[in-house]
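Quick notes on the structure that follows.
Everything numeric in this text was worked out from a predicted model, so none of it was measured. The chain is numbered in sequence order, starting from 1.
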Amino acid sequence: MPLINYRQTRQTGVGRQPGLLMALVLLICSAIVLRLAWLQLLHGQEHRAMADENRIRLIPRDPMRGRLLDHTGQVLATNRLTYRLYYQPRLTQERLWPSLRDRLSRLLGIPAEQLEQQRRLHKGDQDGFHVSLTGPLTPLQVLRFREQAASLPGAEVSIDVLRSYPNGSLAAHVIGYTSNLTEEDYKRLRDKGYRFSDRIGRTGLESTYESHLRGEWGGQQLEVNAAGRVQRVLGDKPARAGRDLRLTIDLNLQRAAERALNTVAKGAIVALDPQTGAILAIASRPTFDPNVFANGPSTAQWNDLNRPAAPMLNRAFQGFPPASTFKIVSTIAGLESGKFSPASTLPTMGRFCYDGQCYGDHGAYGSIGFEKALAVSSNSFYYQMGLKVGPDELFKAARRLGYGSHTGVEIVDEESAGLLGDPAWKKKVIGEPWNSVDTITSSIGQGAVTVTPIQMARLYAAVANGGWLVTPHLVERPMPRRWLGLKPETLRVLREGLRMVVTEGTAKILNDPTLPP
């Protein structure tokens, strides 16, 4: 009996073995199938991308920014090549970064904290292979890196393009400058093809014509082996250089304007073609060198740029009290209103009193007309003329001549419209009614009036060209101009009066016979 039971048990156990083996095989095969499905069906695209990342290397190519040229083709802004240090996170393991960072810090003399900060800032850059760490590098730093490059996997020194202004501070306010993108810039511009390592125009024409000058990134797709050696080029897209921009600026005239301002602490010069409005020279003092932004200004340079004198402020586009230069507007108001004729005269005196207030003048010239009043800049003449014409005609003439509005120059974001403090403005802003004091002071440009130098140049151009209000511009192209409709007699009085300013009036120092008529 025990023997029979043993045999039965043995036969039963032997009979179960194929079933167990089959179940084990089916279980293993099912696990393999499920794993393959998980890898290939659910995460296939992700793993294919990871495999490509292990064998494909993307090398971005910086676009060359377009140059800024003067009207004869002389260079005002160009580019220069330098070297920059990059980190390639997809070619090394993340856990090795701290060791690599510290080695680079010791080798190149760059604080490890700075490298860490740049890696974090640039981590989201689009290509993911090139994380800019620092630059530009000195020749010595490049040489040290090249000597140790084989033992620094994941780091690379590559060529970088920086903006260069060969004439330094010349025309800096209208040319502007470029600088690196900030995090906020990148979030706003990445959908437009910008990379974190990009530079962007910040002020002046560099900003206004950013899309024209910028160009387009290119790059190479390289297949590499496990050792990182290039096997073949899979794709190549050349970077598209930005387009050059030819300006109306005349470099020689610009240099002369800059020299003329060397003796003043603050000031501005605008020289334009009276027929077309093309700006031939435009300068402002104090000024700055835009090259300091190529590498990023030091603390000392940044503090200097932000000193109270405001060297980065373009005074040619800012409003200032016009003083006696406003008398040309008052002249136009008097003659165009019909309340005065070209032959009208008024008595002048060293002290003019009205409504219990007295106002001084720098001379008494007897009874004079508009030409003489312009020549000697007679305040008492214009006090009386302004009272008879009234504030409405004064400010009507000012607006007709472009005061209180933008001129149309390309750098509109940096241009002030000036201020015309007329009766409506005074009532709204100050809460007081207009009075005779306001009229008298406004007639000689001493009231609540500010005018920009470029508005002033535009007005005087209209007198020179026969009554056309031009559109000042810095880039060569046809621009509209507007007919002011001034009477021929008005233009004649203005021209004769302004000529007398130089020949026998307050600006006799400019009566240089060597100057062209």
Side-chain angles (χ1 to χ4, degrees), residues 62 65 68 76-87 101-102 104-123 125 130-145 155 157-186 194-207 210 213 258 261-262 265-266 283-315 414:
D62 293 24
R65 195 172 179 86
L68 295 175
L76 299 175
T78 184
N79 307 284
R80 63 182 176 90
L81 300 181
T82 184
Y83 289 94
R84 181 173 288 272
L85 176 65
Y86 292 93
Y87 171 54
R101 175 199 63 204
D102 294 339
L104 290 171
S105 176
R106 290 191 298 270
L107 180 66
L108 303 179
I110 301 169
E113 296 79 10
Q114 178 181 332
L115 297 176
E116 182 65 39
Q117 181 184 20
Q118 289 300 307
R119 186 189 76 94
R120 287 198 302 267
L121 287 175
H122 292 242
K123 196 172 182 179
D125 203 356
H130 252 57
V131 175
S132 176
L133 293 179
T134 188
L137 300 176
T138 66
L140 179 59
Q141 287 175 315
V142 174
L143 180 60
R144 285 178 175 174
F145 180 89
V157 167
S158 185
I159 291 176
D160 189 21
V161 181
L162 293 181
R163 201 59 161 163
S164 175
Y165 304 93
N167 299 293
S169 62
L170 185 138
H173 293 94
V174 291
I175 291 175
Y177 69 91
T178 65
S179 66
N180 292 324
L181 292 183
T182 63
E183 280 191 275
E184 291 74 19
D185 292 329
Y186 178 65
Y194 282 81
R195 298 173 182 267
F196 202 99
S197 55
D198 254 325
R199 290 179 177 83
I200 190 171
R202 294 292 181 190
T203 63
L205 295 171
E206 291 277 26
S207 173
E210 168 68 16
L213 297 167
E258 302 277 355
L261 287 176
N262 283 341
K266 296 180 180 179
S284 177
R285 281 292 187 278
T287 187
F288 68 99
D289 186 351
N291 286 300
V292 303
F293 291 95
N295 303 332
S298 65
T299 300
Q301 289 171 328
W302 183 250
N303 291 338
D304 181 67
L305 291 170
N306 288 277
R307 69 184 191 269
M312 296 184 67
L313 180 68
N314 186 355
R315 287 170 168 78
E414 300 174 33

Notebook entry, point to check: How far apart are the C-alpha atoms of Asn180 and Tyr186, what are their side-chain angles, what is the distance that settles it, and do they pass the side-chain contact (heavy atoms from CB on, under 4.5 Å) test?
Noted result: CA-CA 10 Å; Asn180 292 324; Tyr186 178 65; over 6 Å; no
Of all heavy-atom pairs between [X] and [Y], which one has the smallest distance, and what is that distance?
X      : Y      : answer
Ser284 : Leu313 : OG-O, 3.4 Å
Leu162 : Ala294 : CD2-O, 3.6 Å
Arg315 : Arg285 : CD-O, 3.3 Å
Phe145 : Leu107 : CA-CD2, 4.0 Å
Pro290 : Gly176 : CB-O, 3.6 Å
Leu85  : Leu137 : N-CD1, 3.9 Å

Can any side-chain N or O of [X] pair as donor or acceptor with the backbone N or O of [Y] at less than 3.5 Å?
X      : Y      : result
Asp304 : Ala300 : no
Asn167 : Leu76  : no
Arg199 : Val161 : yes
Arg144 : Gln141 : no
His173 : Phe288 : no
Glu258 : Ala283 : no

What is the distance from atom [atom1] of [X] to atom [atom2] of [Y], rounded to the nearest 0.5 Å?
X      : Y      : atom1 : atom2 : value
Asp289 : Asn291 : CG    : CG    : 4.5 Å
Ser105 : Gln114 : OG    : CD    : 9.0 Å
Ile175 : Tyr165 : CD1   : OH    : 7.5 Å
Leu108 : Leu140 : CG    : CG    : 9.0 Å
Leu305 : Phe293 : CG    : CZ    : 4.5 Å
Leu133 : Tyr86  : CG    : OH    : 9.5 Å

So do the side chains of [X] and [Y] get within less than 4.5 Å of each other, counting heavy atoms only?
X      : Y      : answer
Thr134 : Gln118 : no
Pro286 : Arg307 : yes
Asp160 : Pro136 : no
Arg163 : Asn79  : yes
Ile110 : Leu115 : yes
Glu206 : Leu68  : yes

Next item on the list: Could you check Asp185 against Thr182 for side-chain hydrogen bond (donor to acceptor under 3.5 Å, both in side chains), going step by step and ending with a plain yes or no?
Entry: CA-CA 5 Å; Asp185 292 329; Thr182 63; 3.0 Å; yes
Item checked: Arg65 and Glu210 ion-paired at < 4.0 Å -> yes
Next item on the list: Taking only Lys NZ, Arg NE, NH1 and NH2, and the carboxylate oxygens of Asp or Glu, determine whether Asp198 and Arg195 approach each other closer than 4.0 Å.
Entry: no
